[in-house]
Visitor: 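Take a look at the following structure, please.
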Amino acid sequence: MARVRYGARTEDEIRAARTASSRLPDIWSTGVVAVWESDPDAVAAVLPPPLKPAGDSLVRANISRVDLPGYPLGAGSVAVSAVHDGQSGWYPLVMPMTHERALIGGREVFGEPKKLGEVTVERDGLVVRAALARHGIAFVEVRGAVDSVLPLPEPVEKVDFYFKFLPAVDGEGFDADPVLVHCVRNEKVRKLERITGDVVLRESMYDPVADLPVRRVVEITIGEKTTDQRGRVAERVSAEALLPYIHQRYDDPQQILDGPPAGSV
């Protein structure tokens with residue numbers, strides 16, 4: 001009988017897949033990073049407990065092009081600074097990805113708030129434009145010109161915070177207690193330049209980052225970097241406390257109840 005591809009994989013096949021994924025070479029991306037000071041109350045309002053404001057009220061937009069062989073990828077995020085149990089990091093609110101493969105793994109394994117979207121990184125000489133868009137709206141756009149080359153930073157460890165959860169089958173809460181994930185990334189940079197420019201936030205009912213206004217641009221850079229990542233469950237969190245924030249993950253919170261009609265396939 002020909003192999004049934006939906007059938008079970010052998011232990012050797014599973015082991016080989018794990019080994020291959022652990023031996024991936026460095027993958028370099030070209031990306032624009034913009035950091036700005038925002039309204040402290042607005043930043044605090046988007047943080048589910050037990051995350052707390054970091055005290056600097058920063059917002060970071062990361063907009064990157066990853067030149068994977070035969071599989072170019074656009075990847076981005078908008079995150080706010082936060083602290084958990086003494087650990088400083090970033091809490092991403094939305095992470096647009098241009099391909100489903102990059103979206104699924106991050107959402108299911110780490111709880112990343114990834115969504116399909118459009119990611120643009122353009123450079124013409126010194127002029128740079130980068131944007132994140134969904135539903136036809138470029139809700140974040142960074143524009144400017146390169147004005148200097150920056151010294152390369154030492155490799156650094158960065159932490160992002162994610163909440164991993166499954167909405168309950170019956171529509172009431174969650175199927176199990178949500179967990180707070182610390183995702184640790186080791187970042188290496190091989191090129192870095194400063195940009196003089198601005199950050200434009202556009203109104204979007206689906207991605208309302210315009211609620212985090214630009215009070216002062218801290219820095220805008222463009223660079224080439226590579227990162228690896230690993231995650232750990234930091235703690236189980238209160239379902240009751242997290243429930244008011246799960247709309248952050250969806251364009252329409254009602255879609256988590258959108259199962260197929262009875263008898264459909």
Side-chain angles (χ1 to χ4, degrees), residues 28-43 45-46 56-68 72-82 90-100 102-103 106 112-150 158 160 187 189 191-225 227 247-251:
W28 294 87
S29 64
T30 299
V32 171
V33 179
V35 178
W36 65 91
E37 290 180 356
S38 191
D39 178 82
D41 292 336
V43 171
V46 303
D56 48 19
S57 303
L58 296 180
V59 184
R60 180 193 67 189
N62 195 328
I63 308 170
S64 299
R65 181 182 68 246
V66 188
D67 294 322
L68 297 174
L73 169 69
S77 69
V78 178
V80 298
S81 57
W90 296 89
Y91 175 59
L93 295 166
V94 61
M95 301 177 70
M97 300 284 137
T98 57
H99 293 301
E100 185 181 33
L103 183 152
E112 295 174 331
K114 290 183 172 180
K115 299 177 180 179
L116 287 175
E118 300 172 21
V119 180
T120 303
V121 179
E122 300 171 334
R123 179 168 182 172
D124 183 3
L126 298 179
V127 178
V128 176
R129 176 185 175 271
L132 300 176
R134 299 181 66 248
H135 302 286
I137 301 169
F139 58 92
V140 176
E141 183 176 2
V142 181
R143 308 175 300 197
V146 172
D147 65 25
S148 62
V149 176
L150 295 172
K158 297 182 177 181
D160 280 352
E187 180 181 283
V189 178
K191 183 178 181 180
L192 191 64
E193 297 169 292
R194 178 186 288 113
I195 293 174
T196 297
D198 58 4
V199 178
V200 178
L201 306 180
R202 296 188 177 88
E203 175 59 32
S204 169
M205 64 179 291
Y206 303 105
D207 304 289
V209 298
D211 291 348
L212 302 166
V214 180
R215 293 285 175 83
R216 183 180 71 89
V217 174
V218 176
E219 67 174 2
I220 305 174
T221 60
I222 183 170
E224 296 177 5
K225 67 182 180 182
T227 61
H247 65 281
Q248 295 174 345
R249 191 69 55 89
Y250 306 99
D251 288 349

Visitor: Could you list the residues that satisfy salt bridge (charged side-chain N to carboxylate O under 4.0 Å, His left out) with D211, not counting sequence neighbours?
Guide: none
Visitor: Please assess V128 against E193 for the test side-chain contact (heavy atoms from CB on, under 4.5 Å), listing each intermediate value before the final yes or no.
Guide: CA-CA 11 Å; V128 176; E193 297 169 292; over 6 Å; no
Visitor: Which value, rounded to the nearest 0.5 Å, describes the distance between D251 atom CG and S204 atom OG?
Guide: 8.0 Å
Visitor: Are side-chain heavy atoms of V59 and V78 found at a separation under 4.5 Å?
Guide: yes
Visitor: Say you draw a straight line from CG of L58 to CZ of R215; how long is it, rounded to the nearest 0.5 Å?
Guide: 13.0 Å
Visitor: For V142 and A34, which heavy atoms make the closest approach, and how far apart are they?
Guide: CG2-CB, 4.0 Å
Visitor: Can you name the closest pair of heavy atoms from K191 and V189 and give their distance?
Guide: O-CG1, 3.4 Å
Visitor: Does K114 use its side chain to pair, donor to acceptor, with the backbone of A102 at less than 3.5 Å?
Guide: yes
Visitor: Check whether any side-chain heavy atom of I63 sits under 4.5 Å from a side-chain heavy atom of V119, and report yes or no.
Guide: yes
Visitor: Is any side-chain heavy atom of L132 closer than 4.5 Å to one of D207?
Guide: no
Visitor: With sequence neighbours left out, write down each residue that passes side-chain hydrogen bond (donor to acceptor under 3.5 Å, both in side chains) with D147, or none if nothing qualifies.
Guide: T196
Visitor: Could you grab the distance from atom CG of L103 to atom CG of L73, nearest 0.5 Å is fine?
Guide: 10.5 Å
Visitor: Who are the side-chain hydrogen bond (donor to acceptor under 3.5 Å, both in side chains) partners of N62, not counting sequence neighbours?
Guide: S64
Visitor: Could you tell me if the side chain of R123 sits less than 4.5 Å from the side chain of V146, heavy atoms only?
Guide: yes
Visitor: Using a 3.5 Å distance criterion without hydrogens, assess whether the side chain of R194 forms a donor-acceptor pair with backbone atoms of S148.
Guide: no
Visitor: Grab the two heavy atoms, one from P213 and one from L201, that are nearest each other, plus how far apart they are.
Guide: CA-CD1, 4.3 Å
Visitor: Please name all residues satisfying salt bridge (charged side-chain N to carboxylate O under 4.0 Å, His left out) with D67, sequence neighbours left out, ordered by chain then number.
Guide: R65
Visitor: Quick one: does R134's side chain have a donor or acceptor within less than 3.5 Å of a partner on L116's backbone?
Guide: yes
Visitor: Give the minimum heavy-atom separation between A138 and R202, together with the two atoms involved.
Guide: O-NH1, 3.1 Å
Visitor: Is there a side-chain contact between W36 and I220, using heavy atoms and a 4.5 Å cut-off?
Guide: no
Visitor: Taking the side chain as every heavy atom from C-beta outward, state whether P96 and E118 have any atom pair closer than 4.5 Å.
Guide: no
Visitor: When you compare the side chain of R249 with that of P113, does any pair of heavy atoms fall below 4.5 Å?
Guide: yes
Visitor: Sequence neighbours excluded, which residues qualify as side-chain hydrogen bond (donor to acceptor under 3.5 Å, both in side chains) partners of H99?
Guide: none
Visitor: Kindly write out the residues that satisfy side-chain hydrogen bond (donor to acceptor under 3.5 Å, both in side chains) with R129, not counting sequence neighbours, or none if the list is empty.
Guide: E141
Visitor: Using every non-hydrogen atom in the two residues, find where Y91 and Q248 come nearest and quote the distance to one decimal.
Guide: OH-OE1, 2.6 Å
Visitor: So which heavy atom on V66 is nearest to which on S29, and how close?
Guide: CG2-CB, 3.8 Å
Visitor: Using side-chain heavy atoms (C-beta onward) and a distance below 4.5 Å, is D198 in contact with R143?
Guide: yes
Visitor: What is the distance from atom CZ of R60 to atom OG of S81, rounded to the nearest 0.5 Å?
Guide: 10.0 Å
